[in-house]
Number of protein chains: 2
Amino acid sequence: MAPQPIYLTVLQHLRKQVSQGRLKPGSRMPSENEIVRQFGISRMTANRVLSLLAAQGVVTRVAGVGTFVAEPRVHSHPLQVRSIADEIRARGHAHECRVLKLETTRAGAEWAGRCGVPAGARLHHSLLLHLENGVPLQLEDRHVNPKLVHDYLLHDFTRTTPHEVLMRAAPIQHAEHTVRAVFPDAALRKLLALGRSEACLLVRRRTWSDGQVVSAADLYHAGSRYELTGQFS
Amino acid sequence: MAPQPIYLTVLQHLRKQVSQGRLKPGSRMPSENEIVRQFGISRMTANRVLSLLAAQGVVTRVAGVGTFVAEPRVHSHPLQVRSIADEIRARGHAHECRVLKLETTRAGAEWAGRCGVPAGARLHHSLLLHLENGVPLQLEDRHVNPKLVHDYLLHDFTRTTPHEVLMRAAPIQHAEHTVRAVFPDAALRKLLALGRSEACLLVRRRTWSDGQVVSAADLYHAGSRYELTGQFS
DNA sequence: AAGTGGTCTAGACCACGAA
DNA sequence: TCGTGGTCTAGACCACTTG
């Protein structure tokens with residue numbers, strides 16, 4: 001079934017207890033020795049689980065006292081998880097989506113790493129081009145973990161957005177973004193209708209649900225037509 | 001002296017090797033067994049050291065192959081007002097700053113608008129190049145409102161950072177960022193030592209204190225060596 | 001005194017990649 | 001085949017806090 005390390009199994013089990021509210025902030029986590037007895041593992045492995053949870057900010061550990069569920073962290077969201085379609089419609093412009101690819105693939109090394117699945121595992125893959133008033137704005141290259149969203153490919157993405165589909169299937173609890181400037185290759189330049197001297201803004205987004213990566217996406221934007229903004233006080 | 005755990009001693013030793021450039025990006029780290037022999041510790045402890053370095057992004061581990069020094073890549077939070085020097089030093093790398101320009105100018109239309117002063121008003125102007133371990137990372141083109149920070153130009157920016165100067169003079173209460181990808185011109189390409197097919201990540205930042213714009217800055221980064229990251233839950 | 005987390009050891013088996 | 005990292009065990013000693 002799931003040939004995964006013991007410590008991961010235990011870790012996900014405890015994470016779920018916390019995320020589902022059965023273990024509330026400030027309450028006591030099972031101690032290392034309790035985990036040893038409960039799961040029949042060695043103390044080193046139990047220690048690994050709790051130390052990892054501490055490193056992830058899920059729990060707080062106090063030597064001589066115990067391990068406790070951390071208070072939910074205050075988050076100022078630098079980059080909101082918002083679909084490009086919403087942004088376009090919020091501007092009162094017309095959004096259009098062209099489906100370039102829709103398939104199930106085997107994960108190569110890179111996408112396997114980003115999606116947290118073994119190389120060779122199946123991944124749903126969609127390649128969508130979003131247009132604002134008929135002008136290409138974003139190329140969305142997305143991989144989705146089929147174990148979490150099995151029917152991902154069955155949707156009509158000209159009418160709904162991946163964002164909506166994912167939110168229904170697996171509520172996003174955590175997101176990670178990295179933003180970089182890249183030099184477009186010929187194919188990308190053509191798809192996004194880029195000028196000769198135009199760079200490309202790449203937003204890489206990963207979203208998690210219950211500690212597992214739901215989806216990883218590369219969002220390419222025309223440098224001259226798209227920018228991220230943020231306020232902070 | 002310093003009764004600290006063995007793994008910390010070894011970890012700091014290896015970190016220093018990396019930050020001082022004796023172990024360069026892409027080069028091979030000592031394997032777990034080599035560390036075992038070199039420091040006379042158990043393999044579990046050696047594994048802990050390298051795993052921690054991997055979690056910190058200092059190295060990359062590949063099962064069956066080895067452990068390698070990670071490519072330097074600065075991670076930063078888009079909305080956080082943090083000086084590039086702090087980011088570099090937080091990674092344990094050497095920060096160096098070259099002062100390219102330091103002057104008082106008359107505000108043109110663009111900078112006047114961004115700084116909220118009438119066109120033709122005086123503005124302090126600095127052009128600084130920040131280097132990480134000797135490699136250009138950020139070109140900082142900054143204008144400062146002299147009414148709020150009159151002595152801005154009198155500082156030695158090879159020893160202190162504009163961020164520190166501004167924070168002392170006028171505590172930042174609000175910030176605005178916009179992020180975009182731009183195509184570098186020849187001058188910028190030379191200053192940042194950009195490759196032929198390398199884009200540029202431009203962060204435009206404005207900071208306010210008491211409702212007035214303190215400073216407006218254009219921060220240009222090498223696309224291959226800099227990225228913004230953000231997390232939120 | 002009992003329980004907690006922090007650290008460390010000396011083994012072990014495995015999958016993987018390179019030679 | 002050999003070295004690599006990934007994982008796991010069954011002990012151990014310590015400093016610390018709580019009762």
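Keep in mind that what you see is a predicted model, and the values were worked out from it rather than measured. A, B, ... follow the sequence lines: proteins, then strands. Residue 1 opens every chain.
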How long is the line joining [atom1] of [X] and [atom2] of [N], in whole Å?
{"X": "A:R28", "N": "D:dT17", "atom1": "CZ", "atom2": "C1'", "answer": "11 Å"}
{"X": "B:M44", "N": "C:dC13", "atom1": "CE", "atom2": "P", "answer": "16 Å"}
{"X": "A:R37", "N": "D:dT9", "atom1": "CZ", "atom2": "P", "answer": "16 Å"}
{"X": "B:F39", "N": "C:dC8", "atom1": "CZ", "atom2": "C1'", "answer": "16 Å"}
{"X": "A:E32", "N": "D:dG11", "atom1": "CD", "atom2": "P", "answer": "17 Å"}
{"X": "B:L53", "N": "D:dG6", "atom1": "CG", "atom2": "C1'", "answer": "17 Å"}
{"X": "B:I35", "N": "C:dC8", "atom1": "CD1", "atom2": "C1'", "answer": "16 Å"}
{"X": "A:N47", "N": "D:dA12", "atom1": "CG", "atom2": "P", "answer": "17 Å"}

Closer than 4.0 Å, any side-chain N/O of [X] to the OP1 or OP2 of [N]?
{"X": "A:Y7", "N": "D:dC8", "value": "no"}
{"X": "B:S31", "N": "D:dT4", "value": "yes"}
{"X": "B:N33", "N": "D:dG3", "value": "no"}
{"X": "A:T45", "N": "D:dT9", "value": "yes"}

Output the single nucleotide from [options] whose closest atom is nearest the side chain of [X].
{"X": "A:R43", "options": "C:dT4, D:dG5, C:dG5", "result": "C:dG5"}
{"X": "A:V65", "options": "C:dG6, C:dC8, D:dT17", "result": "D:dT17"}
{"X": "B:I6", "options": "D:dT7, C:dC8, C:dT4", "result": "C:dC8"}
{"X": "B:R61", "options": "D:dT7, D:dG5, D:dT9", "result": "D:dG5"}

### Message
Are A:Y152 and A:F157 an aromatic pair, judged by ring center distance below 6.0 Å?
### Response
yes

#### Entry: Which residue lies more 5' along DNA chain D, comparing A:V62 with B:G66 via nearest heavy atoms
B:G66

### Message
Taking B:A175's backbone N and O only, do any of them form a donor-acceptor pair with B:H177's side chain (distance below 3.5 Å, no angle check)?
### Response
no

### Message
What I want to check is whether an N or O donor and acceptor connect the side chain of A:R48 with the base of D:dG6 at under 3.5 Å.
### Response
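No.
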
#### Entry: Side-chain ion pair, B:R61 and B:E32, N-O less than 4.0 Å
yes

### Query
What is the ring orientation for B:F183 with A:F183, classed by angle as parallel under 30°, tilted 30 to 60°, or perpendicular over 60°?
tilted

### Query
Within a radius of less than 6.0 Å around CZ of B:R159, do more than 12 heavy atoms belonging to other residues, nucleotides or ligands occur?
no

